[in-house]
Undergrad: 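Just dropping this structure here.
Numbered from 1 within each chain, the chains take letters A, B, ... in sequence-line order.
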2 protein chains.
Amino acid sequence: METSTAGTAAGPTVGETGEFELISLITRDLPRPPAVSVGVGDDAAVYLVNGSAVTSTDLLVEGVHFRRDWSSAHEIGRKAVAVNVADLEAMGAVPVAMVVAFGAPADLPLQWAREFSTGLREEAATAGIALVGGDTTRAAQVTISVTVTGQTDALAPVLRSGARPGQVVAIRGRLGWAHAGLVALGRGFRSPRAAVDSQRCPQVAYGAGRQAVEHGAGAMVDVSDGLLADLGHIAQASGVMIDLDPQRIPVDEPVQAVAAATGQDPLAMVLAGGEDHALAATFDPDRVPDGWRVLGVVRETAQQERAGVLVGGRVWDGAAGWDHFPQR
Amino acid sequence: METSTAGTAAGPTVGETGEFELISLITRDLPRPPAVSVGVGDDAAVYLVNGSAVTSTDLLVEGVHFRRDWSSAHEIGRKAVAVNVADLEAMGAVPVAMVVAFGAPADLPLQWAREFSTGLREEAATAGIALVGGDTTRAAQVTISVTVTGQTDALAPVLRSGARPGQVVAIRGRLGWAHAGLVALGRGFRSPRAAVDSQRCPQVAYGAGRQAVEHGAGAMVDVSDGLLADLGHIAQASGVMIDLDPQRIPVDEPVQAVAAATGQDPLAMVLAGGEDHALAATFDPDRVPDGWRVLGVVRETAQQERAGVLVGGRVWDGAAGWDHFPQR
């Protein structure tokens, strides 16, 4: 999919101003919290990590993860941070430091890079993570690599393998909104606004991962590929069955609207749609934190039964995930 | 520069086998050292860092940092690790953990990815760093993002700003070889082999950064952009003059051979050629470690003089660096 938009008449391109101008606008006047002793400008960044270090990386490529004609540079900057920090949240870690590598064609308007940088910084500030370093290069597509590191502080991280029979499964965040937004955009619509905005940048509940650890979460995952796919990871890693109650699965208004307008199954959007970056976790039934919504239960696998996810006791038969290289 | 090579008849492509096969071949049977408590397979990796964490990232893009018709997949895998760990070496840090994001067109042969993965793992083993996580996606060009984290242990990191008048400047590693290799490859040659191999994958002296810390290095830098450019970073950050002795600058045989064959100035290749990832550091004159070669001295800036690098007391007038978005 080629979605490159050539530079416009609106000011100079990154090719015209050069790499150092680009680096400068991304790194100028960055805040440096006390934990960071060396930020941008040396061979590497240096910072303190309390407890174990927790690291995740994501590579966002134009035409695959975003389109410049669908999202503003500001939204793409915010999204690049949000989707990464969501992985730290899913471990129950506290965000600390972030490095960003940015590739762009020479005809990218510098103004695009400036707005991208603003979005990146704003979301980093919201997430409480410090931008400490990066890299820039030429590339045919706008290419954004973000790597985030957090700390466990005094608490153990929450893995996918810790779900226990008798616990409940709960989520915090939206389900299906980003996918509904993608469907709407794909048909040329710019509404419903809430769904489209969720596609352009997910709303990550920063701090919810920490809240889950403090409530003794057994297992936790970031819902990036779709609820069934990601709960499937918990079920398999923990060797349990997860059974969702269809009555409790939220089919929110923007999802209903897009499903109705396009003749799709709204439940499929909720169960299989990715990119909302809700958190899903298992808790003892009496320890579900405020703001989390219980969707189902964890039970042992029966004789002859493979660990997995059920909906109302049955295997759901829609598409369950997302594969960047779909098999033919 | 477009250098994409389409998939050949030699086996399936990553588009045919799907993302999970790709992830599996990169992550299968990875070694997990004791410091790593969670490796590949959860939302994020978890590992211990002794002292401060030291992090660096590099984005390598096909056609910019490598060409598939000039380098093997194995060499590109090795290079992706080497250029990153060199940044940790330049801080005097001990490598700990690495995450890799990999983008590829759907027609990339799976065999290419397999050989890339082997090179990545071999260089990681040599460098003593654990592959703990990553991401895969589609992309128009083969795109490799590597982020490495090291630890300072009990010693302070070596910054660019610590050079002191009275110290000497020394290097460990090659200068100009990788650039000579690039020139040779650009003219359609595959020799001199030593230069071409240096372009395909730099020889990083792993452990040399730690050796420099232990010998009280004042400042240190990874020579990635060229000796003058990178020593310029030390000079400016430290507010000093660095004066190189032209008699001491090594013009090695492969560099001489390429310069002679192409009518270029061999000294220019040594002073301005990048990508060899030698280490350059400043030491007190009586504390230069074994294996390091003294090239010049650090002195105070004189009245009216801007911090910078001289060769034989004079400003060198060739090209001093490399800019991914060269100004027109």
Undergrad: Donor-acceptor check, side chain of A:D43 to backbone of B:M91, threshold 3.5 angstrom: yes or no?
TA: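 Checking the backbone N and O of B:M91 against the side chain of A:D43, no donor-acceptor pair under 3.5 Å is found.
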Undergrad: Which bit of A:V46 is near chain B, if near means a heavy-atom gap under 4.5 Å: side chain, backbone, both or neither?
TA: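 Both backbone and side chain.
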Undergrad: Which answer fits A:V221, side chain, backbone, both or neither, if we ask what part of it has an atom under 4.5 Å from a heavy atom of chain B?
TA: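 Both backbone and side chain.
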Undergrad: Name the option with the most non-hydrogen atom pairs under 4.5 Å to chain A; the candidates are B:V49, B:D58, B:V132.
TA: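 Option with the greatest count: B:D58.
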Undergrad: Relative to chain A, which segment of B:V54 carries a heavy atom at a distance below 4.5 Å: side chain, backbone, both, or neither?
TA: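 It is both, since atoms from each part get that close.
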Undergrad: Calculate, to the nearest 0.5 Å, the distance between atoms OG1 and CZ belonging to B:T57 and A:F102 respectively.
TA: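 Answer for the OG1-CZ pair, B:T57 versus A:F102, is 14.0 Å.
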Undergrad: Please report the shortest heavy-atom distance between B:H65 and A:T137, naming the atom on each side.
TA: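 Heavy atoms only, the tightest pair is CE1-OG1, 2.9 Å.
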Undergrad: Could you check whether any side-chain N or O of A:D87 sits under 3.5 Å from a backbone N or O of B:A44, counting only pairs where one atom can act as donor and the other as acceptor?
TA: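 Checked: no pair found.
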Undergrad: Taking B:L159's backbone N and O only, do any of them form a donor-acceptor pair with A:D42's side chain (distance below 3.5 Å, no angle check)?
TA: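 Pair absent, no side-chain N/O of A:D42 close to backbone of B:L159.
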Undergrad: Rounded at 0.5 Å granularity, tell me how far CG in B:L60 sits from OG in A:S145.
TA: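 B:L60 CG to A:S145 OG: 11.0 Å, rounded to 0.5 Å.
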